[in-house]
Protein chains: 2
Amino acid sequence: MYSIGDLSRLTKVKVPTIRYYEQMGLLDAPERSEGNQRRFGKPELERLAFIRHARDLGLKIDSIRQLIDLSGHPDRPCGDADRIAKEQLASVRERIASLRKLEAELERIATCCTGETVGDCYVIRALSDHALCDGDH
Amino acid sequence: MYSIGDLSRLTKVKVPTIRYYEQMGLLDAPERSEGNQRRFGKPELERLAFIRHARDLGLKIDSIRQLIDLSGHPDRPCGDADRIAKEQLASVRERIASLRKLEAELERIATCCTGETVGDCYVIRALSDHALCDGDH
DNA sequence: CTAATTGCTCCAGTGGCTAGAGGTTCAAGA
DNA sequence: TCTTGAACCTCTAGCCACTGGAGCAATTAG
């Protein structure tokens, strides 16, 4: 049996966050000690590790809830789980693409400033005048 | 003179967001019509475009406020503006790096699922068992 | 003049936590 | 066994950057 603090140390998920996941329905309400403190077992530990991993991968709480529901029905076809992973991959790729545009523009802005004062600072000019941008955004 | 709706169309910033920026002190309180409606001029339009651009580049409201304050003092040295841009560039690069790790892992997860049912779905197994991961995260 | 559109303020909600107040329980050492 | 201090409990509010709705007032096109 693990206390909430044990679970926190084992999974690197902060204590209030564990309680939050319970509230959000990602974790079932666990057993309690006589003094009303939460007591978790192995399955809860594993589920929390699952949630942590999925969150690290950028999945939304709602997607995780769907995956947990799915994993409770091992006989169902797994097309949904597949779809969730593929959608997540697509959105990660989109985010990378747009961040790379930002990187390029910021690089230009941040490295081209040769001015000494704000009046002729390239950073501020570039932010004021969109026409100084190369790309479209 | 532009109404708030005009400004919204011209800058692609939603009307409530413009009011929010005013509340946050990024935009000065504008003139009002006799009927108490906001009336903006060119300088407000330009400042909102500046804000929009900076937000698109991922700058936080607070950084934008600093830049606006700076741009009101064209005689000061521009080291601060430079620093804000460079910090932003560094954080964009960090985000790209971690997203690329996610991309690699999600790709593995999402393309390796050959199972038919949830019971043997690679997506769910990979999320449950961290040991299936290549990298460290 | 009328009707549709746009504007106003104020308040509440989003997501995913995080932190604090004020109190209770637990576990280890004396 | 007692004590002390850490860890736990619930409840509430706050974070960021908006977004949306209610209920009403002003503007504008026909």
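Just so we're on the same page: letters track the sequence lines, and every chain starts at 1.
Direction change of the helix axis from one end of the helix from C/dC1-D/dG30 to C/dA30-D/dT1 to the other is 10°, with five pairs defining each end axis (rounded to 10°).
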Could you run down the sub-3.5 Å N/O contacts of the protein with nucleotides 20-22 of chain C?
none

Table of protein N/O atoms under 3.5 Å from nucleotides 17-21 of chain D N/O atoms:
residue	atom	partner	partner atom	Å
D/dA17	O3'	B/Arg55	NH2	3.4
D/dC18	OP2	B/Tyr21	OH	2.8
D/dC18	OP2	B/Arg55	NE	2.7
D/dT19	OP2	B/Thr17	OG1	3.1

Quick one: which protein N/O atoms are closer than 3.5 Å to N/O atoms of nucleotides 22-29 of chain D? Pair and distance per line, please.
residue	atom	partner	partner atom	Å
D/dT27	OP1	B/Ser33	OG	3.1
D/dT27	OP1	B/Gly35	N	3.2

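Shown here are the side-chain hydrogen bond (donor to acceptor under 3.5 Å, both in side chains) partners of B/Asp62, two or more places apart in sequence or in another chain: B/Gln66. For B/Arg47, the side-chain hydrogen bond (donor to acceptor under 3.5 Å, both in side chains) criterion is met by no residue, not counting sequence neighbours. Checked against side-chain hydrogen bond (donor to acceptor under 3.5 Å, both in side chains), B/Thr11 has no partners two or more places apart in sequence or in another chain. Residues forming a side chain to side chain contact (heavy atoms under 4.5 Å, CB included) with B/Leu10 (at least two apart in sequence, or on another chain): B/Tyr2, B/Leu45. Partners of A/Glu44 by side chain to side chain contact (heavy atoms under 4.5 Å, CB included), not counting sequence neighbours, listed by chain and number: A/Phe40. Under the side-chain hydrogen bond (donor to acceptor under 3.5 Å, both in side chains) criterion, A/Ser63 pairs with no residue at all, not counting sequence neighbours.
Pairs passing the side-chain hydrogen bond (donor to acceptor under 3.5 Å, both in side chains) check and including a residue from residues 81-97 of chain B, sequence neighbours excluded, read A/Glu103-B/Arg93, A/Glu107-B/Arg93, B/Asp82-B/Lys86, B/Arg83-B/Glu87. The list of salt bridge (Lys or Arg N to Asp or Glu O under 4.0 Å) pairs with a residue in residues 11-23 of chain A, not counting sequence neighbours, reads A/Glu22-A/Arg38.
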